[in-house]
Amino acid sequence: MTTSEQASAPTMITGPASPTPVCWVNGSWTSMSEYGLTVATQGLHYGTGVFEGIRAYWSEQDTCAYIARLPEHVARLLESCRLVRIDLGLTASEIQDVIMELVERNAFSGDLYIRPVAFKSRLGPGTPFGVGLNGVEDLFAVYATPMPRRERLATLRCGVSSWRRTPSDCVPARAKITGSYVNVALAVDEARAAGLDDAILLNTGGTVSEASTTNVFAVSRGVLVTPSLDSDILAGQTRACVLEIAGDLGMTTTERPLTVSELYTADEVFLTGTGHEVVAVGEINGRPIGDGSPGPTTAEIFDTYRSAVLREVAGHHHDWTTKVLLPESPQPSVAPSEGVA
Ligand code: PMP
């Protein structure tokens, strides 16, 4: 296989229920293996794009998927778009419909990760070559890939990165801007090179910001602490759920700047994010957190979050998930691609 064949091969989507995975690109359904992009794609050059990461959980009992925090993810996507002047030309509810249809059309019957991505594509007529947001066409695509839930609570080994989180007055941390993930990639690469699972980044003020793609929580003297929104963090959907769960469970929670020494001395540290859900941190920079294994609060939050997104308890946070019904019969064939490449 040549490099270009590898690049266009649908390696990401291999779910058994989806032999010919489809994605949605600027209004058309197209095959994952057929879609191509021009090397002149502006978002590729300058990181001028935005994205979301959304999870759908498959329910054997209801034989359907439930998408977690769908309206909230779409609202964050639209906010990110506004920051980089991307106009999707769709309302929030139309975007939700596209995402639901994507799951339906692919007839996946397992847990999924859904990736909406929007970026600057071609220079518009008369727009000079170079960096810019105006006068550049926007492209919006959505695809999905299987992502089975972990069987049990995982424990990660982390390090505090030498790379600081990009300050929000340089690139807004509240938005999921593709270019800003270079910051994360450098930190993850450093952690992995040191044999660790993940990096915790400090902000330029020297307090804890977040891990590579998760928010950080510490349990200290019976209080659940997480960096406040002014700590250059993404306002995570999972973070919001965990704060609500902790409140339900009668825990005291605080959102405030958090220092590294507080992490080192915490009874428990855990991370939250759509993909990872809730994961324990067993050590940071070689220092064990507690006894190095997941603590009781982390375990309780993990269990409660899981049971909420899986709708295991009648009426418990069912508003966090949106039901997707699979089609009774296969969808009609995929529309030809618009040939944006
Ligand atoms: N921070 C960063 C930088 C992320 O990329 C993510 C993943 N979206 C998170 C935190 C967690 O956010 P969420 O819970 O919404 O997935």
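All values below come from the heavy atoms of this structure, side chains included, with hydrogens, waters and symmetry mates left out. Read the numbers this way: they start at 1 and go in the same order the structure lists the ligands and their atoms. The structure displayed is predicted, hence computed values, not measured ones.
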Legend entry - Over all atoms of both residues, closest heavy-atom pair of E244 and H317: OE2-CE1, 3.2 Å

Inset, instruction - Show which residues join Y66 in its hydrophobic cluster (side-chain heavy-atom contacts under 4.5 Å, direct or indirect), or state none. - result: none

May I have every N or O pair linking ligand 1 to the protein at under 3.5 Å, one per line with atom names and distance?
unit_1	atom_1	unit_2	atom_2	d
ligand 1	1 (N)	E210	OE1	2.8
ligand 1	5 (O)	K176	NZ	3.0
ligand 1	5 (O)	Y181	OH	2.5
ligand 1	8 (N)	K176	NZ	2.7
ligand 1	14 (O)	Q237	N	3.2
ligand 1	14 (O)	T238	N	2.9
ligand 1	14 (O)	T238	OG1	2.6
ligand 1	15 (O)	R76	NH1	2.9
ligand 1	15 (O)	R76	NH2	3.0
ligand 1	15 (O)	Q237	N	2.7
ligand 1	16 (O)	T274	N	2.9
ligand 1	16 (O)	T274	OG1	2.5

Legend entry - Cation-pi geometry met for R287 and Y264 (6.0 Å, 45°): yes

Inset, instruction - For R311, check salt bridge (Lys or Arg N to Asp or Glu O under 4.0 Å) against everything at least two apart and list the hits. - result: none

Legend entry - All pairs passing side chain to side chain donor-acceptor pair (under 3.5 Å) where residues 126-142 contributes a residue, at least two apart: K120-D138

Legend entry - Mutual orientation of the aromatic rings belonging to Y305 and W320 [parallel < 30°, tilted 30-60°, perpendicular > 60°]: tilted

